[in-house]
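One structure is given here, and the rest of the page talks about it.
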Amino acid sequence: MAANKRLLKKEIHRICGALAGECVLAKIAIPGIDREKLNELIYQLAELQESALRLVSVDFPRTPKSFATKKEYVDARRAYFKASFAKLKEHFNTRVQEILKEMNATVPGANTPEERKAQMKHLLELGFAEEAKENGKK
């Protein structure tokens with residue numbers, strides 16, 4: 001987890017954006033892939049990002065005056081945020097894993113993770129090779 005809320009929000013944006021980018025890349029590069037399913041996954045990633053950012057922006061519902069000592073307040077506040085961020089981490093990681101499984105299921109003809117990885121590596125190498133050829137011609 002990030003050191004503060006700002007960095008945590010940036011990490012959430014980055015992770016969801018990277019996964020959505022993978023979906024777009026797969027739609028373009030992999031023939032026979034279920035494009036509608038990938039569109040649905042992109043929307044799910046947007047919803048995940050929105051819900052995760054909502055869970056980051058929480059406030060402690062009590063004030064220092066409602067505690068006998070400042071130490072009790074600090075301890076209760078720390079425990080509250082620890083529980084909140086544990087819930088966020090569990091929710092976010094679970095949804096990311098579910099979305100990744102669905103993304104992998106859309107790849108045609110690849111049944112194991114190793115086959116899917118090899119297929120994606122091959123496609124990426126083809127894309128970079130074509131790009132290098134185009135750059136060399138200019």
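- By the 4.5 Å heavy-atom criterion applied to side chains, H91 and L48 are counted as neighbours.
- By the side chain to side chain donor-acceptor pair (under 3.5 Å) test, E47 pairs with no residue at all, sequence neighbours left out.
- A heavy-atom distance below 4.5 Å is not found between the side chains of F92 and L55.
- When every heavy atom of L45 is checked against every heavy atom of C23, the shortest pair comes out as CD1-SG, 4.5 Å.
- We find the CE-CD distance between M103 and E22 to be 6.0 Å, quoted to the nearest 0.5 Å.
- Within the model, atoms CG of L8 and CD1 of I12 stand 4.0 Å from one another, a figure rounded to the nearest 0.5 Å.
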Return all side-chain donor-acceptor pairs below 3.5 angstrom for residues 57-67, not counting sequence neighbours, or 'none' if the list is empty.
unit_1, atom_1, unit_2, atom_2, d
S57, OG, K9, NZ, 3.2
S57, OG, L53, O, 3.4
S66, OG, T63, O, 2.6

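- Residues that satisfy the side chain to side chain donor-acceptor pair (under 3.5 Å) test with E102, not counting sequence neighbours, are K37.
- No path of Ile, Leu, Val, Met, Phe, Trp and Tyr side chains, each step under 4.5 Å between heavy atoms, connects V96 with I42, placing them in separate hydrophobic clusters.
- L41 is connected to L100 through a chain of hydrophobic side-chain contacts under 4.5 Å among Ile, Leu, Val, Met, Phe, Trp and Tyr, so both are in one cluster.
- Note on E98 versus R95: salt bridge recorded, some NZ/NE/NH1/NH2 to OD/OE distance being below 4.0 Å.
- V56 and F81 end up in the same hydrophobic cluster when Ile, Leu, Val, Met, Phe, Trp and Tyr side chains are linked at under 4.5 Å.
- Each of L19 and V24 belongs to its own hydrophobic cluster when Ile, Leu, Val, Met, Phe, Trp and Tyr are linked at side-chain heavy-atom distances under 4.5 angstrom.
- Taking both residues in full, the closest heavy atoms of T106 and I33 are given as O-CG1, 3.2 Å, listed atom of the first, atom of the second, then distance.
- Across all their heavy atoms, Q49 and H13 have their closest contact at NE2-ND1, 2.9 Å.
- Of the inter-residue distances, the one linking D75 atom CG with K70 atom NZ reads 12.0 Å to the nearest 0.5 angstrom.
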